[in-house]
Structure formats: C-alpha cells, structure tokens
Q: 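Just dropping this structure here.
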Amino acid sequence: GPAQGGTLVTVSGVNFGFQPMDLQGVTFNGQPCAVQMFSVSMGIQCRTPSLARSTPGTFPAEVSTRINGLDSKGSGGRFEFRPTTVDSASPSRVITNGRPLVTIRGNYLLFAGRMTSVKIGTLDCTQVSINNTVIQCRSPGGAAPTQTTLEVSIDNFRYTRPFTITADPTIEQPARTRAIVAGGVNVVFTGTNLDVPLVKQATFTYRETNISNETQKVVACTSDGPTRLLCQTPAVASPGIVATISLNLDSFARPQFSQLTYESTPVFFQQNYVLTDSVAMQVLTINVSPHTVVKCSPPDQ
C-alpha cells in the first residue's frame, strides 16, 4: 500500500484472544495500525499507518495481546509500503457534455492499495483501465462550467490539481458547400471552445451511385485555436455524391450540417518551359475551384 497509509489489511493467526479487549494493538515498524474489526475466527482488520516521513519498505505485522493478565507479542507476514506518486494528469480541462479519457501517470498506482478513486469536483471519473504507472478514467460530463479540482485517492494518498470545465462548443454552419472526388479539401468550422475537446472527428454520410445503403467515413479534425476547426473531406467514388457532416467532440455530438456536393477532381495538363540561365524557384499557393482554368507564367529571369 502507499507510504501515506490507510490500506485495509487483514492479519490472520491464532491466540489473538477471545474478546476485543484482549487485543492490545497491531503495529508496523512501531507505528499503530488502526483496528477496524476483531474476530476470533477471522482475525484482525486494521488500516495501515502513514510512513510518509520514513523510507518506504517492507515490515512485519506485530500483534500485542493481553490474555488473562499475560502480555504477549507476535509478528509475522510482511507488508510493503510503496512510494506512490502521480507525475501528471491530462487533460486539465473538458467541455460540459464531453466525456474524454483522463490519463493519470505515476508510479505504484495499481498495487498501492485497495481503494483507488478519481474525482472531478464531486463527480466520479469512471475507471476504464489501470496499471502500475497509468490510470485512465472517463470524465463524467454534465457538470456546469466551473473551476474545480481533479483528485486522485489511493487509500490515504492524495494528488490534487486544478481542473476546468468549460461551456460546450458553439459551431457555425461551414461556408463550404462543394468538394472534389479526390478528397483532401478543408471544411472550416468556426465557433468557440473548439480547441478544448481531445477527440475531434467529423463523420461524412452519403450514398454511392446505385448503392442503397449509406456510407459513413470518419475523419480526424484539428483546431488551430479556440475559434477554428478544420476537417478534410474524404475521397469518394464519383462526382455527384452529396454528403452531410456531423461532428463528434469528446462524445459531444453535433447534428448534421448542410449538404456538401462532390464534383470532379481538377485535371492539370503539363506545360513545358525552357528557361535559360539560373532562375530562382517560386512557391505559389493556388486555390482551384471546379471549372476554373489556372494560368501562370514562369518567373522573370
């Protein structure tokens, strides 16, 4: 258990006495273990002391009794006090109705004790997985926007850090209504708090030609700040396909947005230029719309 103590341990043996008053105490490394239960048949349950100021280590349980006026002491079994630590917890903020995974990293997290919990404010962060160095839990969602705390408890071990719950994102209708069959066109959403969610995904739903069932393609989106979200269109089989877009931001789902129509991918014809002497290269960014002919000239010599 953690060096901070609080782990419920069971000490089994014989000649502990016949009634609670026969038991004088249980200690680890000279520190008292707070007795919670005494049973002639089941043994003793107690909560380990804090050894936070001492070097963590492994110590036997020492049981003291007084039966019929005779004092006795016995020891046996061994209990390891481990230096439990938490080094980081992320993210440090979530949206009101988002339920992202919160990842906590440290040491001696799995076998450190019997009572492990993570809370965001007063709400439980539901444990998804745990090992010796990582705890993952699902943020509860539903809390009002506020400044609160994230607390990790492992028996008497505590780790606390500030935590922010922000309002859910607001998202405007994207201006883009057309895309190309090859995909890769950025659909730009604007709004607020778009950089807070960890998972940012767009689902494109459409029907291929002569296919009755809907096709769905999920793409990852990126934000370049709190007010912009960029999602690239996936490739489709043919022009004329009409797709709708829905967003998933940390399980906070947005309804479908207006339709996006796919058109043929632009075709570029190679032009050959013969340049004499040394000509500096120029980098041009050209936005190409369907049915537009783009002409450019070589740079001046």
Side-chain angles (χ1 to χ4, degrees), residues 1-2 4 6-8 82 84-171 189 191-205 216-231 245-257:
Q4 290 79 3
T7 304
L8 187 66
R82 293 176 169 175
T84 300
T85 61
V86 170
D87 301 321
S88 66
S90 62
S92 61
R93 57 179 182 161
V94 298
I95 58 176
T96 294
N97 285 302
R99 300 199 64 210
L101 280 178
V102 176
T103 301
I104 296 141
R105 301 184 185 277
N107 289 292
Y108 296 111
L109 302 177
L110 176 58
F111 301 109
R114 296 187 175 186
M115 296 177 61
T116 301
S117 71
V118 182
K119 286 184 177 292
I120 295 175
T122 60
L123 301 177
D124 289 327
C125 190
T126 305
Q127 192 176 113
V128 174
S129 65
I130 183 172
N131 60 40
N132 205 34
T133 58
V134 178
I135 298 172
Q136 285 194 315
C137 61
R138 182 73 64 184
S139 176
T146 186
Q147 297 289 331
T148 184
T149 58
L150 178 144
E151 182 180 78
V152 181
S153 302
I154 305 174
D155 295 338
N156 281 353
F157 170 81
R158 297 289 184 274
Y159 167 86
T160 304
R161 64 158 299 164
F163 198 86
T164 303
I165 300 174
T166 71
D168 289 330
T170 61
I171 307 171
F189 295 89
T192 60
N193 293 338
L194 297 177
D195 60 334
V196 178
L198 289 181
V199 175
K200 307 175 185 71
Q201 294 177 331
T203 301
F204 290 77
T205 304
Q216 288 190 332
K217 289 186 178 180
V218 179
V219 300
C221 303
T222 59
S223 61
D224 57 5
T227 61
R228 277 169 44 102
L229 185 71
L230 287 72
C231 307
I245 311 172
S246 58
L247 295 177
N248 170 24
L249 306 175
D250 281 347
S251 301
F252 170 66
R254 284 286 301 176
Q256 291 181 340
F257 290 91

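Because the structure is a prediction, the values reported are computed rather than measured.
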Q: Testing the 3.5 Å rule here: is there a donor-acceptor pair between the side chains of Q147 and T164?
A: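 There is such a pair between these side chains.
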Q: Kindly indicate, with the supporting measurements, whether the criterion side chain to side chain contact (heavy atoms under 4.5 Å, CB included) is fulfilled by S88 and I104.
A: CA-CA 6 Å; S88 66; I104 296 141; over 6 Å; no
Q: List the steps, then state whether side chain to side chain contact (heavy atoms under 4.5 Å, CB included) holds for T122 with K119.
A: CA-CA 6 Å; T122 60; K119 286 184 177 292; over 6 Å; no
Q: Can any side-chain N or O of D168 pair as donor or acceptor with the backbone N or O of N97 at less than 3.5 Å?
A: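 Judged by distance alone, yes, a pair lies under 3.5 Å.
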Q: State, with a plain yes or no, whether a side-chain heavy atom of Q201 is found less than 4.5 Å away from one of V199.
A: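 When only atoms from C-beta onward are counted, V199 and Q201 do touch, with a gap below 4.5 Å.
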Q: Is V118 close to L150 at the side-chain level, that is, under 4.5 Å between some pair of heavy atoms?
A: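 Yes, their side chains come closer than 4.5 Å.
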Q: Taking the side chain as everything from C-beta on, heavy atoms only, tell me whether S153 gets closer than 4.5 Å to E151.
A: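 Yes, their side chains come closer than 4.5 Å.
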Q: If the threshold is 4.0 Å, N to carboxylate O, is there a salt bridge linking R138 and D250?
A: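 Between D250 and R138 there is no salt bridge, as every charged N stays at least 4.0 Å from the carboxylate O atoms.
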Q: Within the structure provided, determine whether L229 and I171 are in side-chain contact (heavy-atom separation under 4.5 Å).
A: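 A side-chain contact under 4.5 Å is absent here.
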Q: Heavy-atom distance under 4.5 Å between the side chains of S90 and V102, does that happen here?
A: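 In short, these two side chains do not touch, never coming nearer than 4.5 Å.
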Q: Is the shortest heavy-atom distance from the side chain of T126 to the side chain of P140 under 4.5 Å?
A: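 No. Closest side-chain heavy atoms not under 4.5 Å.
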Q: Applying salt bridge (charged side-chain N to carboxylate O under 4.0 Å, His left out) as the test, list every pair that has at least one member in residues 216-228; sequence neighbours left out.
A: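 Sorted result for residues 216-228: D224-R228.
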Q: Side chain of N193, backbone of A167: donor and acceptor closer than 3.5 Å?
A: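 Answer holds: yes.
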Q: Should T103 and Q136 be marked as a side chain to side chain donor-acceptor pair (under 3.5 Å) after you check the CA-CA gap, both sets of side-chain angles, and the distance that decides it?
A: CA-CA 5 Å; T103 301; Q136 285 194 315; 3.1 Å; yes
Q: Walk me through it: do F157 and V86 pass the test side chain to side chain contact (heavy atoms under 4.5 Å, CB included)?
A: CA-CA 10 Å; F157 170 81; V86 170; 3.8 Å; yes
Q: Taking the side chain as C-beta and beyond, is there a heavy-atom pair between T149 and F163 under 4.5 Å?
A: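 Not touching, per the 4.5 Å side-chain cut-off.
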Q: Report yes if some heavy atom in the side chain of L247 is under 4.5 Å from a heavy atom in the side chain of C231; otherwise report no.
A: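 Result yes, sub-4.5 Å side-chain heavy-atom pair found.
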Q: Could you check whether any side-chain N or O of T96 sits under 3.5 Å from a backbone N or O of T166, counting only pairs where one atom can act as donor and the other as acceptor?
A: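 Indeed, once roles are kept as given, a pair shorter than 3.5 Å links the two residues.
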Q: Salt-bridged, D87 to R105, with N to O below 4.0 Å?
A: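 Judged by the 4.0 Å cut-off on N to carboxylate O distance, D87 and R105 do not form a salt bridge.
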Q: Hey, could you give me the CZ/OG1 distance between F189 and T227, rounded to the nearest 0.5 Å?
A: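 The OG1 atom of T227 is 14.0 Å from CZ of F189, to the nearest 0.5 Å.
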Q: Calculate, to the nearest 0.5 Å, the distance between atoms CD1 and OG1 belonging to I165 and T146 respectively.
A: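 Here the interatomic distance stands at 6.5 Å.
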Q: Drop me the distance from T222's OG1 to L230's CG, to the nearest 0.5 angstrom.
A: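 The OG1 atom of T222 sits 5.0 Å away from the CG atom of L230.
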Q: With no hydrogens and no angle check, do the side chains of N131 and T133 hold a donor and an acceptor under 3.5 Å apart?
A: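 Their side chains do contain a donor-acceptor pair, which is all the 3.5 Å distance test asks for.
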Q: Can a donor-acceptor pair be found between the side chains of T192 and T170 at a distance below 3.5 Å?
A: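 Present: a donor and an acceptor within the cut-off.
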Q: If you round to the nearest 0.5 Å, how far is CZ of R161 from OG1 of T148?
A: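 Taking OG1 in T148 and CZ in R161, the distance rounds to 12.0 Å.
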